[in-house]
Amino acid sequence: MFITPTQDFEQQLGACINAMSQDDAIGQTLVFERTSGTLHMRHIATLDLIDTDIGRYEMVVFDGGSTSGDSWKHIFFPRQREHCFVYEA
């Protein structure tokens, strides 16, 4: 079965929201949005992304991990439906 880039984006975004919602999750979720020509970064509650038009953000960064010591970053570019995952051992 072929997965389209949009389906892949949505699946990976959902996986990040799920991972950041686990009891042992640590980290933060950041969104970048442009207002009056200036790019602004702010923290957002991860679950708030479920009910948000993610296309309004230029970038979403999950800086995640768990209390067991793993850490990772997953960066999403909503308008382009692109993303990049980095696992930090």
Side-chain angles (χ1 to χ4, degrees):
M1 179 177 167
F2 177 75
I3 296 177
T4 68
T6 298
Q7 290 170 325
D8 177 58
F9 180 90
E10 297 294 332
Q11 286 177 353
Q12 294 300 315
L13 181 65
C16 284
I17 292 170
N18 182 49
M20 295 294 284
S21 301
Q22 300 300 308
D23 290 337
D24 68 338
I26 58 172
Q28 61 183 341
T29 304
L30 304 169
V31 293
F32 293 76
E33 58 189 328
R34 193 165 301 276
T35 307
S36 301
T38 304
L39 190 62
H40 298 275
M41 176 188 73
R42 68 178 171 89
H43 175 267
I44 189 171
T46 303
L47 293 177
D48 287 350
L49 289 172
I50 294 171
D51 297 324
T52 300
D53 174 16
I54 197 165
R56 69 188 249 196
Y57 302 121
E58 288 198 22
M59 185 169 51
V60 178
V61 176
F62 293 92
D63 180 17
S66 70
T67 56
S68 63
D70 66 328
S71 61
W72 51 272
K73 290 183 180 42
H74 205 140
I75 303 165
F76 290 83
F77 300 93
R79 293 180 188 154
Q80 294 82 18
R81 293 297 197 238
E82 295 287 333
H83 62 95
C84 175
F85 178 81
V86 178
Y87 181 75
E88 300 170 350

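Remember, it's a predicted structure, so these values are computed and weren't measured experimentally.
Evaluation of the salt bridge (Lys or Arg N to Asp or Glu O under 4.0 Å) test over residues 4-25, restricted to residues two or more places apart or in two chains, returns Glu10-Arg81.
Applying the salt bridge (Lys or Arg N to Asp or Glu O under 4.0 Å) criterion to Asp48, with sequence neighbours excluded, gives no partner residue. Residues forming a side chain to side chain donor-acceptor pair (under 3.5 Å) with Thr4 (at least two apart in sequence, or on another chain): Gln7.
By the criterion of side-chain heavy atoms lying less than 4.5 angstrom apart, applied directly or through intervening Ile, Leu, Val, Met, Phe, Trp or Tyr residues, Leu39 is grouped together with Leu30 in one hydrophobic cluster. In the hydrophobic clustering of this structure, Val31 does not group with Met41; members are Ile, Leu, Val, Met, Phe, Trp, Tyr whose side-chain heavy atoms approach within less than 4.5 Å, directly or through other members. Residues Tyr57 and Leu47 are members of one and the same hydrophobic cluster, defined by side-chain heavy-atom contacts under 4.5 angstrom among Ile, Leu, Val, Met, Phe, Trp and Tyr. Both Ile75 and Phe32 belong to a single network of hydrophobic side chains, linked directly or stepwise wherever heavy atoms of I, L, V, M, F, W or Y lie under 4.5 Å apart.
Aromatic ring pairs are classed by plane angle as parallel below 30°, tilted from 30° to 60° and perpendicular above 60°; the pair Phe85 and Tyr87 is parallel.
Side-chain atoms of Thr46 never come within 3.5 Å of backbone atoms of Thr29 as a donor-acceptor pair (strictly under, hydrogens ignored).
Summarising the geometry of Ala25 relative to Ala19, their closest heavy-atom pair is CB-O, 3.4 Å, with the distance given to 0.1 Å. The heavy-atom pair separating Trp72 from Cys16 by the smallest distance is CZ3-SG, 3.9 Å.
Rounding to the nearest 0.5 Å places CE of Met20 at 9.0 Å from CD1 of Ile26. Distance check, rounded to the nearest 0.5 Å: CZ of Arg34 to CE of Met59 gives 10.0 Å.
Checked options Ile54, Val60, Leu49; the residue passing with Phe76 is Val60 (criterion: side-chain contact (heavy atoms from CB on, under 4.5 Å)).
The distance between the ring centers of Phe9 and Phe77 does not fall below 6.0 angstrom.
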